[in-house]
Protein chains: 2
Amino acid sequence: MLSKKTKYAFHALSYLAENQEKGAILIQEIAAAKKISQKFLESILLDLKKAGVLGSKKGKGGGYYLIKKPEEITLAKVIRLLNGPIAWLPCVSLNYYEKCGDCPDEATCNMHLIMCEVRDQTLRIVENKTVQDLVGSKQL
Amino acid sequence: MLSKKTKYAFHALSYLAENQEKGAILIQEIAAAKKISQKFLESILLDLKKAGVLGSKKGKGGGYYLIKKPEEITLAKVIRLLNGPIAWLPCVSLNYYEKCGDCPDEATCNMHLIMCEVRDQTLRIVENKTVQDLVGSKQL
DNA sequence: CTATTACCCTACAAAGTTTATAGACTTTAT
DNA sequence: ATAAAGTCTATAAACTTTGTAGGGTAATAG
């Protein structure tokens, strides 16, 4: 299941996408609009900034803004960043790979192959859906 | 990610599938063979029993045994039982459905639709793979 | 230059979940 | 009866998620 952090990230991103013309937007504005704890949201936006998704401006008139186009920010990127691995097993994860403790050979592990398939089908969707696809719906 | 509980369940089920001819099998035998805490495994097997997957016999000569054929036990069933929802959002879950707090209409929620798609693609795989498909590989 | 604004950072606490342990109880075969 | 085996309840340890608090730091307006 997606964590609240991840859902908040999508809420914030779609809000920023819907208000791009306003330039930099205050954390507190997003927090109020989407009813998210402001301090909690801060750390989420910071993660998104470090990942190159958002930019920020300090000082009076500052705030956060999209640094990429909404249609360039895939759901996969956001989920990996805030939620962690998309795969169901570490040995199948592209971005968080870890060897299975006692698995001698991934090529002959049936579970490995099945989980690869699940991962690929999931990625096929979330790599091709973007923040732009979230804009326009009333809610997430 | 799949929890240890879920992985243990798959290990235990494939062990039982591979040793069906031996009849009832001791918890401790499975625990030793798969290196799982015996007490922890107990509760897992009990869950599987309550779900109608396993049967058990108490007393001397007792143990656990498959009550369904390995090819009838889908991965989806085991995952739902031990890991929880397969869907990424409660409002998209078939077995653990919950309404989104503030979503007025699922039919117009883009996120809802995308997550439905992810769920369906995942289910298409794990509803059609069974414990039988795990048997034969060295590991899970 | 200086006060304000708002991002940035660290620490920690509360809550929940997962994993694991302990021990008593019940049932069954011999 | 007795030993063997599953069942049940309670609880603790470890970890993750979520949220709070407070101050530090950089940028901007005037």
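Extent of DNA chain C lying under 4.0 Å from chain B heavy atoms, first and last nucleotide in 5' to 3' order, is dT19(C) to dA29(C).
Under the rule for a side chain to side chain contact (heavy atoms under 4.5 Å, CB included), the partners of P85(B) that lie at least two apart in sequence or sit in another chain are M1(A), S93(B), Y96(B). Every side chain to side chain contact (heavy atoms under 4.5 Å, CB included) that L26(B) has, sequence neighbours left out, goes to Q28(B), E29(B). K39(A) pairs by the salt bridge (charged side-chain N to carboxylate O under 4.0 Å, His left out) definition with E42(A), not counting sequence neighbours. Scanning for side chain to side chain contact (heavy atoms under 4.5 Å, CB included) contacts around L81(B) gives L48(B), A51(B), with sequence neighbours left out. Residues satisfying the side chain to side chain contact (heavy atoms under 4.5 Å, CB included) test with K4(A), not counting sequence neighbours, are Y8(A).
No engagement by Q28(A) is indicated, since no non-hydrogen atom pair under 4.0 Å with the nucleic acid exists. Among the heavy atoms of the strands lying under 4.0 Å from I25(B) are primed sugar atoms or P, OP1, OP2 only; no base atom is included.
For residues 70-87 of chain A, the set of pairs meeting the salt bridge (Lys or Arg N to Asp or Glu O under 4.0 Å) definition, not counting sequence neighbours, comprises R80(A)-E127(A). For the ring-ring contact (aromatic ring centres under 6.0 Å, His included) condition, no pair includes a residue of residues 48-79 of chain A, sequence neighbours left out. The side-chain hydrogen bond (donor to acceptor under 3.5 Å, both in side chains) pairs that include a residue from residues 44-60 of chain A are K49(A)-S56(A), where partners are two or more places apart or lie in different chains.
The closest donor-acceptor contact from the side chain of D120(B) to the backbone of E117(B) lies at 3.5 Å or more, if one exists at all. Between the side chain of N83(B) and the main chain of S3(B), a donor-acceptor pair closer than 3.5 Å is present.
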Starting at the 5' end of DNA chain C, what dot-bracket string do you get if Watson-Crick and G-U pairs under 3.5 Å are bracketed, crossing pairs use [ ], other-strand pairs use | and unpaired bases use dots? ||||||||||||||||||||||||||||||
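Whole-Å rounding puts the E42(A) CD to dG22(D) C1' distance at 11 Å. As a whole-Å value, the separation of I27(B) CD1 from dA4(D) P is 15 Å. We find that CG of L26(B) is positioned 18 Å from P of dA3(D), with the value rounded to whole Å.
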Look for any protein N or O under 3.5 Å of an N or O in nucleotides 13-20 of chain D and output each such pair with its distance, or none.
unit_1: dT18(D); atom_1: OP1; unit_2: K4(A); atom_2: N; d: 2.9
unit_1: dG19(D); atom_1: OP2; unit_2: Y8(A); atom_2: OH; d: 3.4
unit_1: dT20(D); atom_1: OP2; unit_2: S37(A); atom_2: OG; d: 3.1

All N/O pairs under 3.5 Å across the protein-nucleotides 25-30 of chain D interface:
unit_1: dA26(D); atom_1: O4'; unit_2: K58(A); atom_2: NZ; d: 3.1

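You'll find the side chain of D133(A) stays beyond 4.5 Å of the side chain of N110(B), heavy atoms only.
Within 6.0 Å of atom CD in Q20(B), more than 12 heavy atoms from other residues, nucleotides or ligands are found, so the atom counts as buried in its surroundings. More than 12 heavy-atom neighbours from other residues, nucleotides or ligands sit within 6.0 angstrom of CD on Q38(A).
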